[in-house]
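Chain letters run A, B, ... following the sequence lines, proteins first and then strands; every chain starts at 1.
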Number of protein chains: 2
Amino acid sequence: MASIKDVAAEAGVSAATVSRVLNDHPSVSADARTRVLAAVATLGYRPNAVARSLRTDQTHTLGLVISDVLNPYFTELARSVEEEARALGYSVIIGNADERPDLQDHHIRNLLDRRIDGLLVSPTDGGSPLMLDAAHAGTPMVFVDRWIPGVDVPVVRSDGRAAVRDLVEHLHRLGHRRLAIIAGPAATTTGRERVDVFREALRAHGLDLPDAYVGQGDFQARSGRRVTERFLDLPDPPEVVFAADNLMALGALDALRARGMRVPGDIALAAFDDVPWFVHTDPPVTAIAQPTGDLGRAAVRALIARIEGRPGESLTLPARLVIRRSCGEPSSTSPSPPPVRRSKP
Amino acid sequence: MASIKDVAAEAGVSAATVSRVLNDHPSVSADARTRVLAAVATLGYRPNAVARSLRTDQTHTLGLVISDVLNPYFTELARSVEEEARALGYSVIIGNADERPDLQDHHIRNLLDRRIDGLLVSPTDGGSPLMLDAAHAGTPMVFVDRWIPGVDVPVVRSDGRAAVRDLVEHLHRLGHRRLAIIAGPAATTTGRERVDVFREALRAHGLDLPDAYVGQGDFQARSGRRVTERFLDLPDPPEVVFAADNLMALGALDALRARGMRVPGDIALAAFDDVPWFVHTDPPVTAIAQPTGDLGRAAVRALIARIEGRPGESLTLPARLVIRRSCGEPSSTSPSPPPVRRSKP
DNA sequence: CTGAAAGCGCTTACAG
DNA sequence: CTGAAAGCGCTTACAG
């Protein structure tokens, strides 16, 4: 590959001048500029980003560590992150933690070694020493979706409180009283919060959330299946299963189908996170939709602000309930909105 | 961040010795080794991968340009690629082309600038000059899923020929005669091949594939919806719609639902690519499943072989038909296999 | 406006 | 076994 020296030779100038032209430095003669540009074109020269990064100590790259690429929620998040970053002149490198703290650390280490300018993370756990060190050492960082309390890092996430209350209200009105939840890992904020909020909402209706109705999942499909089976084996099985994310809802559907149970006739189902498929499942699944694209974009802006020395603010956006048929006939006062489909920008 | 000089000072040796220890060079005294290792530990030193890459001209990084991150097929492909690469000591940087040739070029350029060791691509088009140049210039490259004829690059993909024949056989047996297809872009191999194979299979049954029954999609949901609406508006609408990928099948479901049509009662539906949700849609969708994980892993092995100067072979794996209920009652001779769920490794 | 020089953080022949 | 030195491809004060 042609290097800056080749271009300099071809154009009859020094490497410094080539560099200045390429970086739009003002003090370059028009003549030098055209000769350099011509040389660049004939050689098909592209600056070596590795060398440039070493010299400038900037990579114009953001690291994004997501919990699970197979989760459409994170996949959509990743897409919006990359889109916004690209618009602002940054690339993004994605690391998939697959809900495993060890893999998360692997990717954080890798990203740090590559000297990314900033880190966007949705922690799979309570924060490894490695991640905490990075935060304290001043690596620009932003938490998205999930976060770690007590760390001075902006958090961009959605607040499902109102939506969960709406959900419980909806379930209560349909006559359901025994409500169970498939929770995410207690080490994650979303794992804890969704249970807490659910419990709170139940209490407001005078309902209890017994331990047996809190199943421990890990946000992946297999655990949703396992927990649901356990619920069904209970002497007094729940009337409703609320999955704390879409993949565990998928697992729940697997379990229900395997037992030949009908939704919502035999048991009701609802999920946190809305995905396009929920419109077409049998029955369509009532879900809590997050403004995923907005979260991704806001997280990128906050991170880049931090990188450039500006404040970089936290942001919490509301989630909203989307009622479909998986919990019983929708009340006539809350018609199900039409399906949302994302399109090209 | 601590540099190699800091470690050298701390350990009382030269930077060269630190480097040798870190790279497992044989000629280092045991004493020097322990002192260096201790210094590394106390300083929390991590080598700067950027500097190392500049010097060694290797990044131990693979670029993966996929057509669409929102497509679960590619998401699963990306996951298996990263997994295999990691096992072999490589990182992967993913670029999402979003089915747009311009974005694809953007990512290829970015990846090349970063001096990735090799490129894995599933082209969204017939091959831009940029991509062709890279291939000819000797950038180690492997095509996965889609490919570009006439370029000397290994291809790892699946062959859907037998599965499409099985599908048409299945449809024919169920009495369907007017079969339509939602095709992918003609500029892609999979876009063309799936139509060709489908047409061939129809011919074997004495059936025709009229132009009106070939809808032009782009592998994304929106186009599946649009094409399906057009099919339904035909004076003589098809009895079956075969979507050439899972997202266009999703779009087709949107369109059918919007018109209040029942599947398979009013119209049958089948898709190329199987996704976990197809088990739970109303009705479960008959689909052609690819050995996605195997493709991703094989592609990585082929690419790394090329990088390391070994041959790096092409591979074609068969896809298989998974019969569900979306085309009518399955014949008793081909029972629907149980749902497949991927799990952690 | 321009070039020579230094330096980013590593690795690796080359001497010793 | 070890260190000094060169060099990977850039950028950027510093002189002129």
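As judged by a 4.0 angstrom heavy-atom cut-off over every strand, B:Ser3 is placed among residues touching the sugar-phosphate backbone only. Residue A:Ser27 is classed as a base contact, given a heavy-atom separation below 4.0 Å to a base. Nucleic acid contact for A:Asn23: sugar-phosphate only, since backbone atoms but no base atoms lie under 4.0 Å from a heavy atom of the residue. The residue B:Thr17 sits close only to the backbone: its heavy atoms come under 4.0 Å of sugar-phosphate atoms, none of a base. Within 4.0 Å (heavy atoms only), A:Val50 reaches no atom of the nucleic acid at all.
Within the structure, a side-chain polar atom (N or O) of B:Tyr45 is placed less than 4.0 Å from OP1 or OP2 of C:dC10.
Of the candidate nucleotides C:dT11, D:dT11, C:dC8, C:dC8 has the atom nearest to the side chain of B:Lys5. The listed nucleotides are C:dT2, D:dT11, D:dG9; the one nearest the side chain of A:Asn48 is D:dG9. Ranking D:dT2, C:dG3, C:dT12 by closeness to the B:Thr56 side chain, first place goes to C:dT12.
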Atom pairs under 3.5 Å: protein N/O with N/O of nucleotides 13-16 of chain C:
from   : atom 1 : to      : atom 2 : distance (Å)
C:dA13 : N6     : B:Arg20 : NH2    : 3.1

Scan the side chains in residues 131-141 of chain A for donor-acceptor partners under 3.5 Å anywhere in the protein, sequence neighbours excluded, and list what turns up.
from     : atom 1 : to       : atom 2 : distance (Å)
A:His136 : ND1    : A:Leu132 : O      : 3.2
A:Thr139 : OG1    : A:Ala134 : O      : 3.3

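The separation of C:dG16 from C:dT12, taken at their C1' atoms, amounts to 16 Å, rounded to a whole angstrom.
Rounding to the nearest 0.5 Å places CD1 of A:Ile307 at 9.0 Å from NE2 of A:His60.
Annotation: A:Glu313, atom CD; neighbour count of heavy atoms from other residues, nucleotides and ligands within 6.0 Å does not exceed 12.
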Pairing string, 5' to 3', for DNA chain D - Watson-Crick or wobble contacts under 3.5 Å, brackets [ ] where pairs cross, | to another strand: |||.||||||||.|||

